[in-house]
Amino acid sequence: MNDGTITLPWQVIRQDDNGNRYRVGQYATRAEAQKIADTLDARGHKQLYWVERISSADPAGHPSPSSST
């Protein structure tokens with residue numbers, strides 16, 4: 001993009017023990033997001049972490065309830 005904006009199309013999602021999902025962060029590349037997810041997952045807590053691409057239909061980047069990448 002040439003308009004000065006930064007595109008961060010990849011996000012890391014965390015799901016807690018109660019099934020609540022939260023966006024941990026947004027990243028420029030899938031590899032960067034996966035590295036964060038792997039680091040968090042290695043901590044051994046019961047939460048689940050995964051990477052998903054933010055759809056253009058959801059510009060705010062909120063996780064969809066049915067997504068699991």
Side-chain angles (χ1 to χ4, degrees):
M1 299 184 119
N2 288 334
D3 61 1
T5 61
I6 298 172
T7 302
L8 302 173
W10 295 97
Q11 61 186 355
V12 173
I13 303 297
R14 175 181 73 103
Q15 181 172 313
D16 66 19
D17 298 344
N18 298 316
N20 299 310
R21 296 178 181 189
Y22 306 94
R23 181 178 57 216
V24 174
Q26 289 180 239
Y27 305 92
T29 67
R30 181 176 179 86
E32 181 182 12
Q34 189 63 57
K35 181 177 178 182
I36 297 298
D38 291 346
T39 299
L40 293 169
D41 195 45
R43 292 182 177 176
H45 296 287
K46 293 182 180 179
Q47 288 84 14
L48 300 173
Y49 295 92
W50 67 88
V51 173
E52 61 184 37
R53 186 168 182 87
I54 299 171
S55 83
S56 58
D58 185 11
H62 297 110
S64 62
S66 62
S67 63
S68 59
T69 306

Donor-acceptor pair, distance only, cut-off 3.5 Å: does the side chain of Asn18 make one with the backbone of Asn20?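 No; judged by distance alone, with no hydrogens or angles, the pair does not exist.
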About how many Å separate [atom2] of [Y] and [atom1] of [X], when rounded to the nearest 0.5 Å?
| X | Y | atom1 | atom2 | answer |
| --- | --- | --- | --- | --- |
| Thr29 | Lys35 | OG1 | NZ | 10.0 Å |
| Arg53 | Gln11 | CZ | CD | 11.0 Å |
| Asp16 | Leu48 | CG | CG | 9.5 Å |
| Ile36 | Arg14 | CD1 | CZ | 15.0 Å |

Using the rule given for side chain to side chain contact (heavy atoms under 4.5 Å, CB included), can you reason through Trp50 versus Gln15, listing the C-alpha separation, both sets of side-chain angles and the distance that settles it, and then say yes or no? CA-CA 9 Å; Trp50 67 88; Gln15 181 172 313; 3.6 Å; yes
If you look at every heavy atom in [X] and [Y], which pair is closest and at what distance?
| X | Y | result |
| --- | --- | --- |
| Val12 | Tyr27 | CG2-CE1, 3.6 Å |
| Val24 | Ile13 | CG2-C, 4.4 Å |
| Trp10 | Ala28 | CD1-O, 3.6 Å |

Using the side-chain hydrogen bond (donor to acceptor under 3.5 Å, both in side chains) criterion, which residues pair with Gln47? Sequence neighbours excluded.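 Residues passing side-chain hydrogen bond (donor to acceptor under 3.5 Å, both in side chains) with Gln47: none at all.
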Please step through side chain to side chain contact (heavy atoms under 4.5 Å, CB included) for the pair Ile54 and Gln26, ending with a clear verdict. CA-CA 9 Å; Ile54 299 171; Gln26 289 180 239; 3.1 Å; yes
List the steps and the verdict of side chain to side chain contact (heavy atoms under 4.5 Å, CB included) for Tyr49 and Thr39. CA-CA 10 Å; Tyr49 295 92; Thr39 299; over 6 Å; no
